[in-house]
Structures are given as C-alpha cells and as structure tokens.
2 protein chains.
Amino acid sequence: MNPKPTRRDALDNRERILTVAREAIAASSTASLTAIAKQAGVGIGTLYRHFPTRETLILELYRHDIQHLIDRAPVLLAEHPPLAALRLWLEEVAHYGRLKYGVAEVIHAATDGGADDEYFAPFVAAIDVLLKAGAADGSLKSGIDPEDVLLQLSVLWRIDPARPGSEARAGRILELIVDGLRATP
Amino acid sequence: MNPKPTRRDALDNRERILTVAREAIAASSTASLTAIAKQAGVGIGTLYRHFPTRETLILELYRHDIQHLIDRAPVLLAEHPPLAALRLWLEEVAHYGRLKYGVAEVIHAATDGGADDEYFAPFVAAIDVLLKAGAADGSLKSGIDPEDVLLQLSVLWRIDPARPGSEARAGRILELIVDGLRATP
DNA sequence: GGATGTACCGGAGGGTCCTCCGTTTCGCTC
DNA sequence: GAGCGAAACGGAGGACCCTCCGGTACATCC
C-alpha cells in the first residue's frame with residue numbers, strides 16, 4: 001500500500017495530495033475525492049493508488065492527532081486511578097472525535113474493517129492498558145476485549161452534532177459505557 | 001409521503017415495487033434501487049416518490065416483523081422480572097437484526113435521522129416500558145433515555161457477521177450494555 | 001361521454017465512489 | 001548517455017444515489 005513510495009514523482013504526488021486534502025477536508029469533511037485529485041493536479045487513479053480508500057487518506061491526515069490520543073493514555077494513568085483515567089481518556093477521545101470529524105470517521109472505519117492493524121492496533125493497545133490497570137486494582141471487570149470497547153465507543157460519533165442536546169447525550173452514553181465496564185461487586 | 005395514494009395506478013405501482021423489493025432485498029441486502037425499479041417496471045422516479053429513501057422502503061418491507069418485536073416487550077415483561085425481560089428482549093432484537101439485515105439497517109437509520117417518528121416512536125416506547133419497569137423494581141437505573149439505549153444497541157449490527165466469533169462478541173457487548181443500565185447499589 | 005386539472009409517471013442528468021488498463025516516466029545498468 | 005523494465009500515472013467507464021421537470025393518464029364534473 002504505502003510501504004516505500006520509492007519514486008520521486010510518486011512522493012511528490014503523495015505530498016501534494018495530502019496538502020490539498022488537509023485543506024479540503026477541513027473546509028468540508030465530505031469533500032469529494034475527485035475534487036481533491038483535480039486540485040492536487042493528479043488523476044483520480046493516482047489518488048486511489050496512494051490511498052486505496054477514503055479512510056486511508058483521512059487516517060494519514062490525522063495520524064499525528066491520533067498518536068497524541070494514544071500517548072495520553074499512559075499519562076492519564078500515571079495521574080489518576082485507573083477508572084478515572086479510563087473515563088477521562090474516553091472523554092478526550094470522544095471530544096476530539098466530535099471536533100475533528102475525521103478521527104471519528106477513521107475509528108468508525110476501523111471497527112468495520114477490523115484488520116489493517118498497522119494504524120488500528122496501537123489504539124486498541126492503549127485501551128487495553130487502561131482496562132488492564134482497572135482490572136488489576138479491581139475497579140473494572142477483567143478480561144474485557146478492548147476492541148469491544150472501541151466498538152461501543154464508536155456509537156458516540158453517530159450522534160448528530162446538529163441536534164440540540166447532542167453533547168449531553170454523548171455524556172450520558174459514555175457514562176453508561178463506563179458503568180458497563182466496572183467490576184460488579 | 002404515503003398517506004393516501006389515491007390513484008389506482010399509484011397503488012398498483014406501490015404494491016409491485018414492494019413485491020419485487022422483498023425478493024430482491026432478501027436475495028441481496030444491497031440490491032440497487034435502480035434494479036428494483038427496473039424489475040418492477042417503473043421508473044426510478046416513481047420508486048423514489050413512493051419511498052423517498054432506501055430506509056423507507058425497507059422499513060415498509062419489515063413493518064410486520066418490527067411490530068412483532070415491539071409486541072414482544074410487554075409479553076416478556078409479564079413472564080419475567082424486568083431485568084431479565086430487558087435482556088431477553090434485547091437479545092431477540094439483536095438476533096433478529098442479524099438474521100434479517102434489513103431490520104438492523106432500519107434501526108440504524110432511525111438512530112441517525114432521529115425524527116420520522118411514525119415508525120420510530122413505538123420502538124422507543126417499547127424500550128421505555130422495559131426501562132420503566134426495571135426502574136420501578138430497582139434493578140435498573142431510573143431516568144434512562146430509551147433512545148440512548150437504542151443507539152447503544154445499534155452498535156451490534158456493526159459487527160461483521162462474517163468474521164469468526166461475531167456471535168460471541170455480540171453477546172459480550174450486549175452484556176456490557178445491560179450492565180451499564182443496571183442500578184448501581 | 002367529453003373536457004380538464006392534478007396526481008402521478010419516467011428517465012435524463014449531475015454527483016460520487018472506485019476499478020481497470022493503456023501510456024508515460026523514472027531510476028538503474030551497462 | 002542510451003536502453004529498458006518496472007513503477008506510477010491518468011482518465012474513461014461502470015455502478016450507484018437521488019433530483020428535477022416535461023409529459024401522461026386518471027378521476028371527476030358537467
């Protein structure tokens with residue numbers, strides 16, 4: 001897919017596509033790929049070779065941001081007890097996803113496809129660290145599959161942000177999710 | 001939309017579309033509307049006038065089945081304590097959604113659009129009855145928004161049924177959802 | 001039974017996604 | 001620096017969704 005774009009023109013094109021896409025997606029998260037390709041001065045075929053699906057492209061755009069979220073997990077864990085850390089982290093993810101819609105879309109896609117772990121796995125691993133910590137201190141159930149949690153989380157971006165009360169609803173549902181993860185005494 | 005298709009030809013067309021669609025969707029849940037229209041011998045425009053969106057059409061196809069699910073809620077509630085009834089009902093819905101993919105798609109759409117309550121509201125009401133009963137006997141939290149539960153439930157159809165272990169995963173997640181709804185002692 | 005208004009029809013058309021494959025261009029070798 | 005094979009390009013094309021609007025045919029009223 002994108003292991004080693006060795007050729008100069010290929011690299012140039014890749015960069016150009018990303019630059020244009022960043023702007024275009026920021027302006028309208030549903031910007032058409034055709035338009036992006038045209039504006040980047042490449043054929044639609046070229047765009048698709050570099051980024052086989054819309055998600056691949058978006059994923060690349062937000063790579064840094066996603067990495068940042070992943071890195072936050074251990075930080076929160078150092079500063080708070082596991083249950084609180086989990087909650088805070090999920091809130092950050094949810095909030096970020098609402099802000100930059102792209103991230104949400106990517107996670108959404110990840111829960112679909114399943115595989116393509118290169119990007120997906122670290123995210124799941126971050127969840128797993130939080131879950132394990134919570135299981136260790138008895139505040140969370142043990143043996144929870146982190147992918148299950150991710151899937152549950154993905155429901156949050158399905159809340160239409162335009163509808164009134166969407167923020168509150170997201171908070172409520174997050175609460176329900178976390179409560180479901182807690183150890184039953 | 002579909003209040004009173006008064007004219008004879010309109011009614012005929014509507015029936016014909018439904019008949020064809022039932023078969024086509026059963027054969028392949030992603031059957032194209034263009035194809036359905038063609039096979040029903042109507043223009044694509046006609047199809048869209050009768051069923052403004054893909055979901056409207058599917059909804060009509062599965063109307064009976066959905067009603068059946070709704071009716072099951074009070075029955076289960078009469079036979080089981082509220083918490084068990086809720087769990088069983090959710091299992092039935094989940095199972096049914098996995099079987100006839102259409103139903104899942106409809107619920108999915110409902111959680112998107114939100115409104116269009118004509119079909120949507122009874123379903124939410126069914127959930128509400130279960131929740132209220134559980135709140136009354138203290139097994140469930142009180143004040144839960146049934147739409148929130150529906151939204152959470154919708155995650156279950158996002159599990160790819162082709163992947164191995166999908167059934168088990170659905171079970172696990174359902175468990176998490178229900179646990180999140182239980183009253184915290 | 002004709003006339004007439006309106007409810008309904010049909011498909012062309014604009015937009016999107018993605019695939020496929022003939023053509024071009026790069027980078028390496030001699 | 002010429003030649004060559006593979007890597008990358010580009011856009012036509014097929015599929016789909018949905019909209020729009022000129023035309024058709026039904027039901028009703030005289």
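In what follows, every chain begins at residue 1, and chains take the letters A, B, ... in the order their sequences are listed. Please read all numbers here as calculations on a predicted model, not as lab measurements.
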**Request:** Report the residue (Asp9(B) or Gly45(B)) whose heavy-atom-nearest nucleotide on DNA chain D is the more 5′ of the two.
**Result:**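 Between the two, 5'-proximity favours Gly45(B).
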
[X] [atom1] to [N] [atom2]: how many Å, rounded?
X        : N       : atom1 : atom2 : result
Ile36(B) : dA15(D) : CD1   : P     : 16 Å
Lys38(A) : dG11(D) : NZ    : P     : 9 Å
Arg49(A) : dG22(C) : CZ    : P     : 15 Å
Arg14(A) : dA7(D)  : CZ    : P     : 17 Å
Leu11(A) : dT25(C) : CG    : P     : 18 Å
Phe51(A) : dC9(D)  : CZ    : P     : 11 Å
Arg54(B) : dA15(D) : CZ    : C1'   : 13 Å
Leu57(A) : dC17(C) : CG    : P     : 11 Å

**Item:** Distance flag, aromatic centroids of Trp157(A) and Tyr96(A), threshold under 6.0 Å
**Value:**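 Here the rings of Trp157(A) and Tyr96(A) have centres that are no less than 6.0 Å from each other.
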
**Prompt:** How do Gly41(B) and Ala31(A) order along DNA chain C: which one's closest nucleotide is nearer the 5' end?
**Reply:**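 Between the two, 5'-proximity favours Gly41(B).
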
Report yes if a side-chain nitrogen or oxygen of [X] is closer than 4.0 Å to either non-bridging phosphate oxygen (OP1 or OP2) of [N]; otherwise report no.
X        : N       : result
Asn13(A) : dA8(D)  : no
Thr34(B) : dC17(D) : yes
His50(B) : dC9(C)  : yes

**Item:** N/O donor-acceptor pair, side chain Arg7(A) with base dA7(D), under 3.5 angstrom
**Value:**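 It does, because a donor-acceptor pair links the side chain of Arg7(A) to the base of dA7(D) below 3.5 Å.
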
Side chains of [X] and [Y], heavy atoms from C-beta outward: is any pair under 4.5 Å?
X         : Y         : answer
Arg169(A) : Glu147(B) : yes
Arg87(A)  : His80(A)  : no
Leu59(B)  : Ile66(B)  : yes

**Asked** So what does Thr46(B) hit on the nucleic acid, given a heavy-atom distance under 4.0 Å: a base, only sugar-phosphate, or nothing?
**Response**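 Answer is base: heavy atoms of Thr46(B) come under 4.0 Å of a base.
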
**Request:** Pick base, sugar-phosphate or nothing for Ile44(A), based on heavy-atom distances below 4.0 Å to the nucleic acid.
**Result:**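 Result for Ile44(A) = base.
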
**Asked** Between Ile25(B) and Leu57(B), is a side-chain contact (heavy atoms from CB on, under 4.5 Å) present by the stated rule, with each step listed?
**Response** CA-CA 10 Å; Ile25(B) 298 272; Leu57(B) 174 56; 5.6 Å; no

**Message:** Side chain of Ala10(B) only, heavy atoms from C-beta on: which candidate in dC9(C), dA27(D), dG27(C) is closest?
**Reply:**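 Ranking dC9(C), dA27(D), dG27(C) by closest atom to the Ala10(B) side chain puts dC9(C) first.
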
**Request:** When you get a sec, tell me which of dC9(D), dC26(C), dC17(C) is the closest nucleotide to the side chain of Arg8(A)?
**Result:**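 Closest nucleotide among those given: dC26(C).
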
